[in-house]
Amino acid sequence: MKTPIDLTLPYDSDMPGVTIEIAKTLERDGWNARTLHLYSHVGTHMDAPLHFGVTDQSIDQIPLTDCMGPAWVVHLPELPDQYLIEIKDLNEIAEKVQPGDSLLFRTGWSQYLRQSRYRDGLPRISEELAEWCVTKKIKMLGVEAPSVADVNNLPEVTKIHQILLGGEIVIIEGLTNLDKIQQNKVQLIALPLKIQGGDGSPARVIALEE
């Protein structure tokens, strides 16, 4: 039986972009329920091509077959702030990857979730690497940082998203617990909420190890 590893950040009211209100209580109404207000790119989430206007494809239109499959884990520990991830950082994985494989970048960045470094110092996918991923027909690209590119640099964040999304690569951002993965290759499953016309969505993401 395969062992599941949850790569999803928990959503709580302390997370920017999340508001949770009590809607019903057991004592007053007979059941407990909450009203959730979620920014579409909060926490662990997935991007749709619509997010950066690459195509009109929304998050609910991404085929489920594009949201699961084998993924290589790229281990990049102790990166300096604003590190630009290049093809060379994949090491031997660059030679092993096959069309339809996915990439998970294990950087440990989720440990900075409550710090300014989480957004301001995040490691970035280089333009060269983004183009390479498209050429290699990578299916999904997952990062621990809240974005694949510098969120404080609109031209960069636009360019990298447009390359990846334009190449039909599913982007998964805000992952965690990649340090719990023991193998260099896993089965990855990333399921967004089925939001009609959505530009992105929070997602439950798991890795399966043999």
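If you read the sequence from its start, that first residue is 1, and numbering goes on from there.
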- Query: In terms of side-chain geometry, is the basic nitrogen of Glu156 or Arg124 positioned less than 4.0 Å from the acidic oxygen of its partner?
  - Reply: yes

- Kindly say whether Trp31 contributes a backbone atom to a donor-acceptor pair with the side chain of Asp29 at under 3.5 angstrom? no

- Can we say Asp81 and Arg117 salt-bridge, meaning some charged N sits less than 4.0 Å from an Asp/Glu carboxylate O? yes

- Message: For Leu193, is there any backbone N or O sitting under 3.5 Å from a side-chain donor or acceptor partner on Ser201?
- Response: yes

- Query: Taking the six-membered ring for Trp, are His41 and His51 parallel (under 30°), tilted (30 to 60°) or perpendicular (over 60°)?
  - Reply: parallel

- Message: Tell me if the CD atom of Glu168 is crowded by more than 12 foreign heavy atoms within 6.0 Å.
- Response: no

- Short question: side chain of Lys139, backbone of Thr65 - any donor-acceptor pair under 3.5 Å? yes

- Does Glu209 reach the main-chain N or O of Gln182 with its side chain, forming a donor-acceptor pair under 3.5 Å? yes

- Message: Test your reading of the model: is there a side-chain donor-acceptor pair from Asn32 to the backbone of Leu26, 3.5 Å cut-off?
- Response: yes

- Task: Taking Gln187 for its side chain and Leu208 for its backbone only, find out whether a donor-acceptor pair lies under 3.5 Å.
- Result: no

- Message: Would you say that more than 12 heavy atoms from the other residues, nucleotides or ligands in this model lie under 6.0 Å from the CD of Gln196, or not?
- Response: no

- Has the side chain of Asn152 got a donor or acceptor atom that lies under 3.5 Å from a matching backbone atom of Asp120? no

- Task: Using modelled atom types only, decide if a donor and an acceptor are shared between the side chain of Glu144 and the backbone of Thr107 within a distance under 3.5 Å.
- Result: yes

- Taking atom CD1 of Ile22 as the centre, does the number of heavy atoms from other residues, nucleotides or ligands within less than 6.0 Å exceed 12? no

- Give a yes or no answer on whether the side chain of Asp12 reaches the backbone of Met15 with a donor-acceptor pair at less than 3.5 Å. yes

- Hey, are Trp72 and Asn184 close enough side-chain-wise for a donor-acceptor pair under 3.5 Å? no

- Counting distance only, does the side-chain N/O of Glu86 pair as donor-acceptor with the main-chain N or O of Glu128 below 3.5 Å? no

- Side-chain heavy atoms of Leu7 within contact of Leu104, under 4.5 Å: yes

- Arg28 atom CZ, neighbour heavy-atom count above 12 within 6.0 Å: yes

- Message: Within the 4.5 Å heavy-atom criterion, are Leu36 and Tyr11 side-chain neighbours or not?
- Response: no

- Under 3.5 Å, is there a donor-acceptor pair linking the side chains of Asn177 and Asp6? no

- Could you walk me through whether Leu188 and Val205 pass the side-chain contact (heavy atoms from CB on, under 4.5 Å) check? CA-CA 7 Å; Leu188 179 65; Val205 183; 3.7 Å; yes

- Does a side chain donor of either Thr8 or Thr44 reach within less than 3.5 Å of an acceptor in the other side chain? no

